[in-house]
Each structure stands twice: as structure tokens, then as C-alpha cells.
Amino acid sequence: MAIFYSAAAGAFFDDANHKTLPADAVQISATRHRALLNAQATGGIITAGADGKPRIVRPRAGIAEQRARLVRQVKREAARRIDAVSPIWRQLNDSRAPSSEGAARFAAIDAIRAASNAIEGEVSALPAAAISAFAFAHHPLWPAE
């Protein structure tokens, strides 16, 4: 059993199932076939290279997708900072047994959330060219750790 790719058909063929193959069919390994299908499942597009062999092309993310990715990174950074101030178990304990120390931790968490919201607001207004260089982790709006 051998696997072939045809650029003209934009498809794979198995010689065990297909007695006639397209004229432009090129043989690929089962490992390469599996890797191509896995990449396609995560958003890649299978196209033919100059040699007719299949390759994956990753579509360039649009501005909305780039911003959404950056917002997710900001949210992860906020979660990391909140966990450093007070892990969830401590927050639960502070809720059940209020104290001045717990109130200070909640105030610190509120400051992190406010900074995260403000940074996300900046992200929504960033021009496309500035998104990849935006240093969210070292943004001056974050409270000191």
C-alpha cells in the first residue's frame, strides 16, 4: 500500500483502493500523510509545492484573530499574577473568614483585573503593525509584583 498526492485533484490516493492514479500523483510516506492531515485539522491548508509534493500553508491570521490571541495572553498573564498574589484556595478561605490581610489580597486582585481590562482596551485599538511587538507582560499598567 502506497499513498499518493495529486495537486490537480487536491486529494490523496491509496494505490490499494485506486487502480488508476492521476498523472501528477507523487508518492508520500504514511508518516508524512498523517502529519499533513494533523496539520490540516489545526487550520493548515494542504497545497502542492513546486515539486508537486504536498505541503502545509498556514493562513495568515487576520487582525481580529491577532487581537483575540493577544487578549488571551493578557488574560493568562492576569491569571498568573492573581495566582501569585492569592491562589484560589486562599481566596476561598479569605471569603469564608474575612480579615484585613484577605481584604488587602482582594484589593491587589482587583488592581490586577483593572489593569488587565485597561490593557485589553489598548489591544482593541492597536494597529495591525503594532500587535506583534506589544509587550503585554511588562506593561506599565500592571501593579508591581
Side-chain angles (χ1 to χ4, degrees), residues 1-96 102-145:
M1 171 184 105
I3 300 172
F4 295 83
Y5 176 76
S6 166
F12 295 100
F13 296 87
D14 181 338
D15 65 354
N17 297 328
H18 300 92
K19 300 303 174 201
T20 306
L21 298 172
D24 68 334
V26 292
Q27 187 172 354
I28 61 169
S29 70
T31 302
R32 179 70 179 145
H33 179 243
R34 194 169 29 262
L36 289 162
L37 293 180
N38 287 338
Q40 184 181 40
T42 60
I45 299 170
I46 299 173
T47 63
D51 57 0
K53 292 185 178 182
R55 63 186 178 98
I56 286 291
V57 174
R58 295 275 174 197
R60 191 163 185 182
I63 183 80
E65 187 177 333
Q66 291 175 25
R67 283 191 180 123
R69 186 178 309 129
L70 187 53
V71 164
R72 286 191 302 273
Q73 291 173 323
V74 171
K75 287 183 184 299
R76 277 194 301 273
E77 178 64 16
R80 183 196 67 76
R81 288 171 179 263
I82 288 170
D83 193 55
V85 167
S86 182
I88 193 70
W89 63 266
R90 178 167 287 152
Q91 293 176 47
L92 291 170
N93 288 345
D94 287 342
S95 293
R96 294 183 76 191
R105 284 189 286 269
F106 282 130
I109 289 169
D110 289 343
I112 292 168
R113 287 186 176 133
S116 177
N117 290 340
I119 294 167
E120 289 173 34
E122 286 185 23
V123 168
S124 69
L126 281 175
I131 289 176
S132 63
F134 189 76
F136 66 90
H138 304 291
H139 198 284
L141 288 177
W142 291 120
E145 287 190 84

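All values below come from the heavy atoms of this structure, side chains included, with hydrogens, waters and symmetry mates left out.
- A pairwise comparison of heavy atoms in Ala9 and Ser6 identifies N-OG, 3.1 Å as the closest pair.
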Stepwise side-chain contact (heavy atoms from CB on, under 4.5 Å) check, Arg34 with Leu37: CA-CA 5 Å; Arg34 194 169 29 262; Leu37 293 180; 5.9 Å; no
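- For Ile3 against Ala30, the heavy-atom pair with the smallest separation is CD1-CA, 4.0 Å.
- When every heavy atom of Ile28 is checked against every heavy atom of Pro54, the shortest pair comes out as CG2-CD, 3.7 Å.
- Smallest separation of non-hydrogen atoms from Ile56 and Gly44: CG2-CA, 4.0 Å.
- With hydrogens and angles disregarded, a donor-acceptor distance shorter than 3.5 Å links the side chain of Asp24 to the backbone of Ala7.
- Side-chain contact between Arg81 and Val85 is absent, with no heavy-atom pair separated by less than 4.5 Å.
- Arg55 is listed as a side-chain neighbour of Arg32, based on a closest heavy-atom distance under 4.5 Å.
- For the side chain to side chain donor-acceptor pair (under 3.5 Å) test, residues two or more places apart in sequence or in another chain that qualify with Arg80 are Glu77, Glu145.
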Working for side-chain hydrogen bond (donor to acceptor under 3.5 Å, both in side chains), residues Gln91 and Ser95: CA-CA 6 Å; Gln91 293 176 47; Ser95 293; over 6 Å; no
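- Taking CZ of Arg76 as the reference point, atom OG of Ser116 lies at 11.5 Å (rounded to 0.5 Å).
- Between Val26 and Lys53, the shortest heavy-atom contact is CG2-CA, 3.8 Å.
- From Ile119, atom CD1 reaches atom NE2 of His139 across 5.0 Å, with rounding to the nearest 0.5 Å.
- Taking the side chain as every heavy atom from C-beta outward, Gln66 and Leu70 never approach each other to under 4.5 Å.
- Residue Arg96 places its CZ atom among 12 or fewer non-hydrogen atoms of other residues, nucleotides or ligands, all under 6.0 Å distant.
- Side chains of Val74 and Glu122 form no contact here, defined as non-hydrogen atoms less than 4.5 Å apart.
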Trace of the side-chain contact (heavy atoms from CB on, under 4.5 Å) decision for Val71 with Lys75: CA-CA 6 Å; Val71 164; Lys75 287 183 184 299; 3.8 Å; yes
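- In this structure, Asp15 contributes its side chain and Ala2 its backbone to a donor-acceptor pair below 3.5 Å.
- Shown here are the side chain to side chain donor-acceptor pair (under 3.5 Å) partners of Ser86, two or more places apart in sequence or in another chain: there are none.
- Atoms CG and CD1, from Asn117 and Ile112 in turn, are 12.0 Å apart once rounded to the nearest 0.5 Å.
- Distance check, rounded to the nearest 0.5 Å: CZ of Arg113 to CD1 of Ile109 gives 6.0 Å.
- Distance CG/Asp110 to CZ/Arg105: 13.5 Å, rounded to 0.5 Å.
- In this structure, the ring of Tyr5 has its center less than 6.0 angstrom from the ring center of Phe12.
- Of the possible polar contacts, one joining the Trp142 side chain to the Phe136 backbone as a donor-acceptor pair under 3.5 Å is found.
- Summarising the geometry, atom CZ belonging to Phe13 is positioned 5.5 Å from atom NE2 belonging to His18; distances are rounded to the nearest 0.5 Å.
- Residue Ile45 comes nearest to Pro59 through the heavy atom pair CD1-CG, 4.1 Å, listed as atom of the first residue, atom of the second, then distance.
- Put simply, the side chain of Arg67 gets close to the backbone of Leu126: a donor and an acceptor are under 3.5 Å apart.
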